[in-house]
2 protein chains.
Amino acid sequence: MAKTHYSRFDCQPGCSVEAAVSLISGKWKCVVLWYLLEEGTLRFNELRRRINTITPRMLTHQLRELEADGLIHREVHAQVPPKVEYSLTARGRELTPILMALKAWGDAHIDLFGSKGTAGKPFTTASGEQK
Amino acid sequence: MAKTHYSRFDCQPGCSVEAAVSLISGKWKCVVLWYLLEEGTLRFNELRRRINTITPRMLTHQLRELEADGLIHREVHAQVPPKVEYSLTARGRELTPILMALKAWGDAHIDLFGSKGTAGKPFTTASGEQK
DNA sequence: CATCACGGTATCCTTTTTGATACTACTGGC
DNA sequence: GCCAGTAGTATCAAAAAGGATACCGTGATG
């Protein structure tokens with residue numbers, strides 16, 4: 001193996017866990033990943049409308065990071081008006097068990113959020129507030 | 001259901017995932033959790049020595065957040081010199097499948113780290129650098 | 001008497017992350 | 001001619017996170 005890379009043996013236990021978490025820990029990243037997991041392919045403004053409080057700047061930023069980390073694919077169609085589609089890569093789809101486990105845990109311990117602790121308050125949403 | 005709490009129906013899909021991730025996304029948090037998972041109970045300086053580049057300030061900070069979020073238990077023994085033991089709570093132990101899945105994913109996609117993308121470089125460690 | 005280990009604090013500073021607001025080029029429909 | 005929708009940028013500001021360094025009281029050890 002290349003010496004410039006690190007192998008799993010170079011670092012202490014928990015290091016790869018930390019590394020993996022760091023890829024999905026930006027604000028809205030999990031929400032984006034979850035939508036892409038559920039709906040397959042979404043355009044920029046489709047995501048934006050689903051996460052209605054996000055600013056375009058933040059959405060762009062998170063999408064670019066997810067793309068740089070190889071978790072999502074960005075496809076630009078050369079047309080006007082512009083059409084850019086986002087979808088999970090194979091690597092991104094491999095996060096599925098993690099996201100499911102996180103969701104299960106999150107739903108099970110939902111009483112934590114909003115009351116005490118360090119977690120931010122849940123946000124309201126375009127799809128959540130009308131019905 | 002109480003209006004002051006949120007139910008899983010108040011928020012969009014992915015919200016609970018995001019909430020769960022936010023609890024484990026501080027720097028070193030996963031490393032700490034992993035050590036506690038592996039070794040059961042550890043004292044402050046035991047953790048500190050294992051993660052040798054962490055400052056006491058950061059260790060304290062992360063431990064207090066994990067405690068506030070109900071993931072770890074902090075037990076102070078009234079003696080001198082002080083003895084403080086940290087261990088996972090039941091809730092913390094329920095993170096096991098998540099941490100395992102993250103480790104599996106991280107190890108499988110380890111080529112990502114250090115080269116490109118947004119992930120930080122892996123760190124060297126007390127236990128990793130001698131052999 | 002000085003030093004070490006214990007489990008932290010206090011203070012200051014830098015970096016990173018997030019947010020608010022305004023703006024772009026282009027085209028199709030009214 | 002004007003407005004809406006497309007996918008973003010640019011700029012500035014605020015807030016949060018992280019890092020460096022020094023320090024605390026206590027008690028045992030040398």
Side-chain angles (χ1 to χ4, degrees), chain A residues 18-19 21-32 35-36 41-69 72-87 117-124 126, chain B residues 18-19 21-32 35-36 41-69 72-87 117-124 126:
Chain A
E18 183 99 12
V21 167
S22 75
L23 301 188
I24 58 173
S25 64
K27 196 164 181 187
W28 309 113
K29 271 186 187 173
C30 285
V31 179
V32 167
Y35 273 122
L36 293 179
T41 298
L42 287 170
R43 299 174 63 173
F44 185 87
N45 277 340
E46 288 175 336
L47 279 166
R48 188 178 169 185
R49 276 188 294 264
R50 276 164 180 71
I51 315 178
N52 73 331
T53 59
I54 200 173
T55 62
R57 184 190 160 289
M58 275 302 287
L59 184 52
T60 301
H61 187 67
Q62 301 304 318
L63 287 169
R64 293 292 151 84
E65 281 194 358
L66 290 169
E67 190 195 2
D69 290 332
I72 65 172
H73 171 67
R74 175 171 182 263
E75 185 157 11
V76 184
H77 299 263
Q79 55 182 239
V80 143
K83 178 175 180 181
V84 180
E85 290 183 319
Y86 293 93
S87 56
T118 66
K121 304 180 185 59
F123 46 86
T124 47
Chain B
E18 183 100 11
V21 166
S22 74
L23 300 188
I24 58 172
S25 65
K27 196 164 181 188
W28 311 112
K29 271 187 187 173
C30 285
V31 179
V32 168
Y35 273 121
L36 293 179
T41 297
L42 287 169
R43 298 174 63 173
F44 185 85
N45 278 338
E46 288 175 336
L47 278 166
R48 190 179 168 184
R49 276 188 295 264
R50 277 163 180 71
I51 316 179
N52 73 332
T53 60
I54 200 172
T55 61
R57 185 189 159 287
M58 275 303 287
L59 183 53
T60 302
H61 187 66
Q62 301 304 317
L63 286 170
R64 292 294 151 83
E65 281 193 1
L66 289 169
E67 191 195 1
D69 291 331
I72 65 172
H73 171 67
R74 175 172 183 263
E75 185 156 12
V76 184
H77 299 263
Q79 54 183 236
V80 142
K83 178 173 179 182
V84 181
E85 291 184 317
Y86 293 93
S87 56
T118 64
K121 301 178 187 62
F123 46 86
T124 47

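Residue numbers begin at 1 in each chain, while the letters A, B, ... track the order of the sequences.
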Could you state the atom-to-atom distance from NE2 of H61(A) to C1' of dA20(C) in whole Å?
16 Å
Among the nucleotides dC6(C), dT9(C), dT9(D), which one has an atom lying closest to any side-chain atom of T60(A)?
dT9(D)
Using whole Å, report how far CD1 of I54(A) lies from P of dA20(C).
12 Å
On DNA chain C, more 5' by nearest nucleotide between G26(A) and P81(A) is G26(A)
State which of dA7(D), dT21(C), dT27(C) makes the closest approach to the side chain of T55(A).
dT21(C)
Send over the distance from L59(A) CG to dT18(C) P, rounded to a whole Å.
13 Å
Side chain of P56(B) only, please: which of dT6(D), dG8(C), dC6(C) is the nearest?
dG8(C)
Main chain of W28(B), side chain of E18(A): is a donor-acceptor contact present, judged purely on distance under 3.5 Å?
yes
In whole Å, I'd like the distance from the CD1 atom of I51(A) to the P atom of dG8(D).
14 Å
For a quick check of understanding: with a heavy-atom distance under 4.0 Å over all strands, which category does E46(A) fall into, base, sugar-phosphate or nothing?
nothing
Check step by step if side chain to side chain contact (heavy atoms under 4.5 Å, CB included) holds for L42(A) and R50(A).
CA-CA 10 Å; L42(A) 287 170; R50(A) 276 164 180 71; 3.9 Å; yes
Output for pair (R64(B) CZ, L59(B) CG), nearest 0.5 Å, gives 9.5 Å
Mapping R74(A) and Q62(B) to their closest nucleotides on DNA chain D, which lands nearer the 5' end?
R74(A)
Pair V32(A)-I54(A), side chain to side chain contact (heavy atoms under 4.5 Å, CB included): steps then yes or no
CA-CA 11 Å; V32(A) 167; I54(A) 200 173; 5.6 Å; no
Rounded distance (nearest 0.5 Å) linking atom CD of Q62(A) with atom CD of E67(A)
13.0 Å
Nearest to side-chain heavy atoms of P82(B), which nucleotide of dG25(D), dT27(C), dA7(D):
dG25(D)
When rounded to whole Å, the CZ to C1' distance for the pair R49(B) and dC6(C) reads 10 Å
Could you check whether E85(B) gets within reach of a base, just the sugar-phosphate, or nothing at all, counting any heavy atom under 4.0 Å?
nothing
Round to a whole Å and report the spacing from CE of M58(B) to P of dG18(D).
5 Å
Let me know the distance between OH of Y86(A) and P of dT6(D), rounded to the nearest Å.
14 Å
Heavy atoms from C-beta onward define the side chain here; which of dA7(D), dT9(D), dG8(C) lies closest to that of V84(A)?
dA7(D)
Under 4.0 Å: is that the gap between some side-chain N or O of K27(B) and OP1 or OP2 of dG19(D)?
yes
Checking only heavy atoms, does the side chain of R48(B) share a donor-acceptor pair with the base of dG7(C) at less than 3.5 Å?
no
Check this for me: does the side-chain of R57(A) come within 3.5 Å of the base of dG19(C) through a donor and an acceptor?
yes
Nearest 0.5 Å, what's the NE2-CG distance between H73(A) and L66(A)?
14.0 Å
Over how many whole Å does the gap from Q79(A) atom CD to dA25(C) atom C1' extend?
16 Å
Please confirm whether the shortest side-chain N or O distance from R43(A) to OP1 or OP2 of dA7(D) is below 4.0 Å.
yes
Residue-phosphate contact under 4.0 Å: R64(A) side-chain N/O, dT9(D) OP1/OP2:
yes
